Colleague: 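Sharing a structure, written as structure tokens. Questions coming.
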Amino acid sequence: MVPFRNRSSNGERKPLFGRFREDVEGAGLEFCGTFLFLLIGLGGVQAAATAGGKAKLNIDVNNETGESVIHAPRSIEQVFYISTSMALSLLMTAWLFYRVTGGLFNPCVSTALLLVGKLSPVRYVLYCVAQITGAIAAAAVLMALTPTRIDVNTRIGRGINPAQAVFIEMFLTTLLILAVLMMAAEKNKATAFAPIGAGFTIFATHLFGVAFTGASMNPARSFGPAVLTGFEARHWVYWVGPLVGSLLGVAFYSILKHIRYWTLNPDQESSNPQKSPEGPQADTARHVDKGPRSSGSTKRNVGTDHDITPSQGHVTPDHA
């Protein structure tokens, strides 16, 4: 991702729309990336709902419309399947797009990068629009491709109140934002593998959140399907929780930068063997080196270019 700089190399302030064409092109590609990510990811969620059967699903029937509504998967197999689907989809698409647009696919991630100075305000707005419209398009195509009503909406699980749902989404999103900032925004030797870290983060957070909130962490992911199937009264949870989590993640990242976290554990990324621990035998080895040399050690014959090894009983020339 190209970092946002408010000033040019000579110190002059850049105009707000100075890179508008690039911003529009980036937003168009961000739409494509978000579309692919959610098409594959939500496709896996739909497959879990379709193949699970009513015996394994937490299903209620809407008395007004008579439609079956899936709230949250009960079986551990569905939780694992959905987590794997969303994680692998993000890993694949983020790796394809991280050198193009950054592979954000999430307004909360865009918000975090705006706050740390990696996105310009214009690109931020365009990215958010692209991510939301990409989510709607992915849900629409998924609806057209599958024979049954799509059941990929994020819903609060039974026994969970809105406050609990907000905090769950907040903490899950905070972890995701920290993963993005520490592995992608912070440049290091592992930056090229940031999509893998983001994918594993999505997998871990889904294992926790799927049964309770649907593990959104992404307002676009919840908004897209809701546009086609209808909004629930508590849909606001999937905006408030992730956005607060984004702010919390940025705040923690700012603290790490303020205390210069890289000085707390220096040489962590060094590949120099000399930076490795000496080991428990280091003191013993130093003590032996300071002691008398053994009778079998190699001695130098003064005035010659030969080494005399007593155990061999003959002179070995230094050079052939």
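Remember, it's a predicted structure, so these values are computed and weren't measured experimentally.
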Colleague: Please check if the side chain of Gln268 supplies one atom and the backbone of Asn265 the other of a donor-acceptor pair under 3.5 Å.
Modeller: no
Colleague: Do you know the tightest heavy-atom contact between Ser222 and Thr154?
Modeller: OG-OG1, 2.7 Å
Colleague: Is the backbone N or O of Ile40 less than 3.5 Å from a side-chain atom of Ser89, with the two atoms forming a donor-acceptor pair by type?
Modeller: no
Colleague: Does the gap between the ring centers of Phe105 and Phe35 come in under 6.0 Å?
Modeller: no
Colleague: State, with a plain yes or no, whether a side-chain heavy atom of Tyr261 is found less than 4.5 Å away from one of Ile255.
Modeller: no
Colleague: Of all heavy-atom pairs between Tyr253 and Met182, which one has the smallest distance, and what is that distance?
Modeller: CD1-SD, 3.8 Å
Colleague: Applying side chain to side chain donor-acceptor pair (under 3.5 Å), run through Tyr238 and Glu232 and close with a yes or a no.
Modeller: CA-CA 11 Å; Tyr238 300 104; Glu232 292 190 347; over 6 Å; no
Colleague: Return the minimal non-hydrogen interatomic distance between Met183 and Ala198, and the atom names on each side.
Modeller: CE-N, 3.9 Å
Colleague: Would a 4.5 Å heavy-atom cut-off, applied to side chains only, mark Ile132 and Thr34 as touching?
Modeller: no
Colleague: For the side chain of Gln78 and the backbone of Ala48, is there at least one donor-acceptor N/O pair under 3.5 Å apart?
Modeller: yes
Colleague: Do Lys257 and Glu186 come close enough that some side-chain heavy atom pair is under 4.5 Å?
Modeller: yes
Colleague: Give a yes or no answer on whether the side chain of Asn106 reaches the backbone of Met217 with a donor-acceptor pair at less than 3.5 Å.
Modeller: yes
Colleague: For the side chain of Asn272 and the backbone of Lys275, is there at least one donor-acceptor N/O pair under 3.5 Å apart?
Modeller: no
Colleague: List for me each residue that meets side-chain hydrogen bond (donor to acceptor under 3.5 Å, both in side chains) alongside Thr213, sequence neighbours excluded, and say none if there are none.
Modeller: Glu169
Colleague: Going from CD1 on Ile168 to OG1 on Thr173, what distance comes out if it is rounded to the nearest 0.5 angstrom?
Modeller: 11.5 Å
Colleague: Using the side chain to side chain donor-acceptor pair (under 3.5 Å) rule, take Thr111 and Ser246 through it: C-alpha gap first, then chi angles, then the decisive distance, then the call.
Modeller: CA-CA 7 Å; Thr111 300; Ser246 178; 5.0 Å; no
Colleague: Measure from the side-chain N and O atoms of His206 to the backbone N and O of Ile202, and report whether any donor-acceptor pair falls under 3.5 Å.
Modeller: yes
Colleague: Within a strict 4.5 Å, meaning less than it, do heavy atoms of the Val244 and Phe167 side chains meet?
Modeller: no
Colleague: Is Gln46 reaching over with its side chain to a backbone N or O of Leu142, donor-acceptor style, under 3.5 angstrom?
Modeller: no
Colleague: Please report the interatomic distance CH2(Trp239) to CG(Asn218), rounded to the nearest 0.5 Å.
Modeller: 9.0 Å
Colleague: Can you check whether Ala47's main-chain N or O pairs, donor with acceptor, with Thr50's side chain at less than 3.5 Å?
Modeller: no
Colleague: For the rings on Phe223 and Phe231, is their centre-to-centre separation under 6.0 Å?
Modeller: yes
Colleague: Check whether any side-chain N or O of Thr133 sits under 3.5 Å from a backbone N or O of Val129 as a donor-acceptor pair, and report yes or no.
Modeller: yes
Colleague: Does any part of the side chain of Phe171, heavy atoms only, come nearer than 4.5 Å to the side chain of Thr205, both counted from C-beta?
Modeller: no
Colleague: Write down the atom of Ala87, the atom of Phe203, and the distance for their closest heavy-atom approach.
Modeller: CB-CB, 3.5 Å
Colleague: Are Arg149 and Asp151 ion-paired here, with the side-chain N under 4.0 Å from a carboxylate O?
Modeller: yes
Colleague: Quick one, Leu42 and Arg221 - any side-chain contact, counting heavy atoms below 4.5 Å?
Modeller: yes
Colleague: Write down the atom of Ser110, the atom of Gln131, and the distance for their closest heavy-atom approach.
Modeller: OG-NE2, 2.9 Å
Colleague: Would you mind reporting whether Pro162 and Trp236 have side-chain heavy atoms less than 4.5 Å apart?
Modeller: yes
Colleague: Check for a donor-acceptor pair, side chain of Asn188 on one end and backbone N or O of Thr191 on the other, with a separation under 3.5 Å.
Modeller: yes
Colleague: Over all heavy atoms of both residues, which pair between Ile160 and Ile156 is shortest? Give the atoms and the distance, please.
Modeller: O-CG2, 3.2 Å
